[in-house]
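Values below: all heavy atoms of this structure, side chains included; hydrogens, waters and symmetry mates excluded. Worth saying up front: this structure is predicted, and the values here are computed from it rather than measured.
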Amino acid sequence: MRVLAIDDQKLVLIPLALRLEELGYSVLTETSAKKGIEVYNSFKPDLVIVDIMMPGVSGMEVVKHIRNVKKESTPIMVLSGNTDAETIVRGFDLGINDYMKKPLSLVEVCARVKRLIGTPVKSNQQIINKGIIIQKRCVGVVIPCYNEEKRLASKAFINFITKNSGYRLCFVNDGSTDRTAEILINLRKGREDYITVYTSKKNAGKAEAVRKGMLHMAKQLDLDYIGFLDADLSTGLNDFDHLVSVIENSKYKVVSGSRITRMGAKIKKESSRRFISLSINFLIRKILSLDFKDTQCGAKIFHKDVIQVSFGDKFITKWIFDVEIFRRITLHFGLKKAKKLFYEQPLKRWIHASGSKLSTKDSIKIISQLFKVAWHYRSRKIKKVESISFAKRKESYFLMPSLKNVKV
């Protein structure tokens, strides 16, 4: 019994195909609707599972090909994040047999497949990975790593991607001198579809490691959102998933975790850093003209269309690149619009992990870096204005010859 599954997001197809094959079905997957139409004719499936929203040729064209061109009654199941009633009705009018809205349970999908075409003779009826949810979005997560041999929570990352479909992790090995590289290679083994390891030979610092990882992940066409997270999981993966839910269900372009102490939250910081943190935060609010409570939390998620603006150029600072990101977006979109693009999401849990690379002495140095950021991005803006002003003065100079000898 053959199943053809078509979805532009590979991370959706992998768990779906795996479970259907466990149940005894022969599964062929395609990430292009156009290619799906081509293989339909040769594969001759007993069931077609297709997404509607795909770049180029949509899933509706697959349905039209089967029903109107081939004039065949092959069962068609739609799995889509599109909840528009008109689209759903149109699909049924064209002849689809079932329509399921993402996110959805993998167990339910398999149950509906059985209802449409029956159960293979050789079938594994045991429910495996019954908690997996097929998401309507795919997310890339960059995790910078420098000498993380003793702090890298490998099991936590493995458990997370096992239970949460739609995630691809990118570990950036930033020139580590301990066994971090070896640990990352073992972590990726057998999970190549979900884990990428990006290696830099020389240590360039967290800012550059994150930047390289974000730009690398931006090349993955099936990702909707890309974020970064600290390797020590001071912000947990479940909290990060909550940040993703916020950006997914809003018009925000950047959602940043915030370590605000509040009732019901477990936020632990070193007492020696609290006063410094307050001083730094005061300066950051002045520089950005934004009422941020916490810009420096190492958990942030970005809409893919602001990645180039945020990470295209190298950062001028080693630790407070977060401030540079917000400043770049503010300069690009303007302060008024930028305020509508940012959102701070309070975390339920944040624990300062031992072995942090940032010392109290380094925290003090951050203050001087803030002044550097303020001057760098301010001077860029002034330089742009001055160049326009000079052009206007030059134009006036040639338009009024009688003033040639007047010094400006």
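Within the 4.5 Å cutoff, side-chain heavy atoms of Tyr146 are placed close to those of Asn203. A 4.5 Å side-chain heavy-atom check between Val50 and Met54 finds at least one atom pair inside the cut-off. Residues Asp313 and Arg328 meet the side-chain proximity criterion, which asks for heavy atoms closer than 4.5 Å. Looking at Leu187 and Ile158, their side chains come closer than 4.5 Å, going by heavy atoms from C-beta outward. In this structure, Tyr377 and Glu324 have side chains that are in contact, with non-hydrogen atoms separated by less than 4.5 Å. Counting heavy atoms from C-beta on, the side chains of Ile320 and Val373 come closer than 4.5 Å. Annotation: side chain of Ile143 is in contact with side chain of Val141 (closest heavy-atom distance under 4.5 Å). No side-chain heavy atom of Arg191 sits under 4.5 Å from any side-chain heavy atom of Phe157.
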Could you walk me through whether Asp7 and Lys102 pass the salt bridge (charged side-chain N to carboxylate O under 4.0 Å, His left out) test, one step at a time? CA-CA 12 Å; Asp7 196 304; Lys102 300 175 184 175; 2.7 Å; yes
Evaluation steps, salt bridge (charged side-chain N to carboxylate O under 4.0 Å, His left out), between Glu149 and Arg179: CA-CA 6 Å; Glu149 175 186 347; Arg179 292 180 56 252; 3.6 Å; yes
Check against side chain to side chain contact (heavy atoms under 4.5 Å, CB included), Phe315 and Val210: CA-CA 10 Å; Phe315 298 111; Val210 169; 5.8 Å; no
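Summarising the geometry, atom CZ belonging to Phe240 is positioned 11.0 Å from atom CG belonging to Leu233; distances are rounded to the nearest 0.5 Å. For the atom pair NZ of Lys372 and NE2 of His376, the computed distance is 9.0 Å after rounding to the nearest 0.5 Å. Rounded to the nearest 0.5 Å, atoms NZ (Lys10) and CG (Asp222) are 8.5 Å apart. Distance OG/Ser165 to CD1/Ile132: 6.5 Å, rounded to 0.5 Å. Residue Leu221 holds its CG atom at 9.0 Å from OG1 of Thr31, rounded to the nearest 0.5 Å. Note that CG of Leu184 and OG of Ser154 are 7.5 Å apart. Values are rounded to the nearest 0.5 Å.
Salt-bridge check for Asp305 with Lys253: passed, with a basic side-chain N closer than 4.0 Å to an acidic carboxylate O. Ion pairing of Arg137 with Glu248 is present here, as a side-chain N (NZ or NE/NH1/NH2) and a carboxylate O approach within less than 4.0 Å.
Applying the side-chain contact (heavy atoms from CB on, under 4.5 Å) test to Thr74 and every residue at least two apart in sequence or in another chain returns Tyr40, Val48, Ile66, Glu72. Partners of Tyr99 according to the ring-ring contact (aromatic ring centres under 6.0 Å, His included) rule, which considers only residues two or more places apart in sequence or in another chain, do not exist here. Tyr252 is linked by a ring-ring contact (aromatic ring centres under 6.0 Å, His included) to Tyr343, counting only residues two or more places apart in sequence or in another chain. Remark: Val69 pairs with His65 by the side-chain contact (heavy atoms from CB on, under 4.5 Å) rule, at least two apart or across chains. The side-chain contact (heavy atoms from CB on, under 4.5 Å) test applied to Asn97 returns Arg67, Pro75, Ile76, Leu116, not counting sequence neighbours. With sequence neighbours left out, Lys64 forms a salt bridge (Lys or Arg N to Asp or Glu O under 4.0 Å) with Glu61. Partners of Lys212 according to the side chain to side chain donor-acceptor pair (under 3.5 Å) rule, which considers only residues two or more places apart in sequence or in another chain, do not exist here. Scored by the side chain to side chain donor-acceptor pair (under 3.5 Å) test, Arg112 finds Asp98, Glu108 as partners (sequence neighbours excluded). A search for ring-ring contact (aromatic ring centres under 6.0 Å, His included) contacts involving His216 returns Tyr198, not counting sequence neighbours. The side-chain contact (heavy atoms from CB on, under 4.5 Å) test applied to Ala209 returns Pro144, Val172, Asp174, not counting sequence neighbours.
Using the six-membered ring where Trp is involved, Phe302 and Phe311 have ring planes that are perpendicular, over 60° apart on the 30 and 60° scheme.
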Using atom types as modelled, flag every donor-acceptor pair under 3.5 Å from a side chain in residues 86-94 to any protein atom, sequence neighbours excluded.
from	atom 1	to	atom 2	distance (Å)
Thr87	OG1	Asp84	OD2	3.0

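Applying the salt bridge (charged side-chain N to carboxylate O under 4.0 Å, His left out) test to residues at least two apart or on different chains, none of the pairs has a partner in residues 195-205.
Side-chain N or O atoms of Ser105 include one that pairs as donor or acceptor with a backbone N or O of Val107 at under 3.5 Å. Of the possible polar contacts, none joining the Thr196 side chain to the Glu192 backbone as a donor-acceptor pair under 3.5 Å is found.
The local environment of CE in Met53 is sparse, with at most 12 non-hydrogen atoms from other residues, nucleotides or ligands closer than 6.0 Å.
Side chains of Asn82 and Ser80: a donor-acceptor N/O pair is absent below 3.5 angstrom, by distance only. With 3.5 Å as the limit, one finds no donor-acceptor pair spanning the side chains of Gln9 and Asp51. Side-chain N/O atoms of Gln135 and Tyr167 include no donor and acceptor closer than 3.5 Å. For the 3.5 Å distance criterion, the side chains of Thr162 and Asn159 fail to qualify, holding no donor opposite an acceptor.
Just one residue in the list Lys206, Arg211, Lys300 forms a salt bridge (Lys or Arg N to Asp or Glu O under 4.0 Å) with Asp322, and that residue is Lys300.
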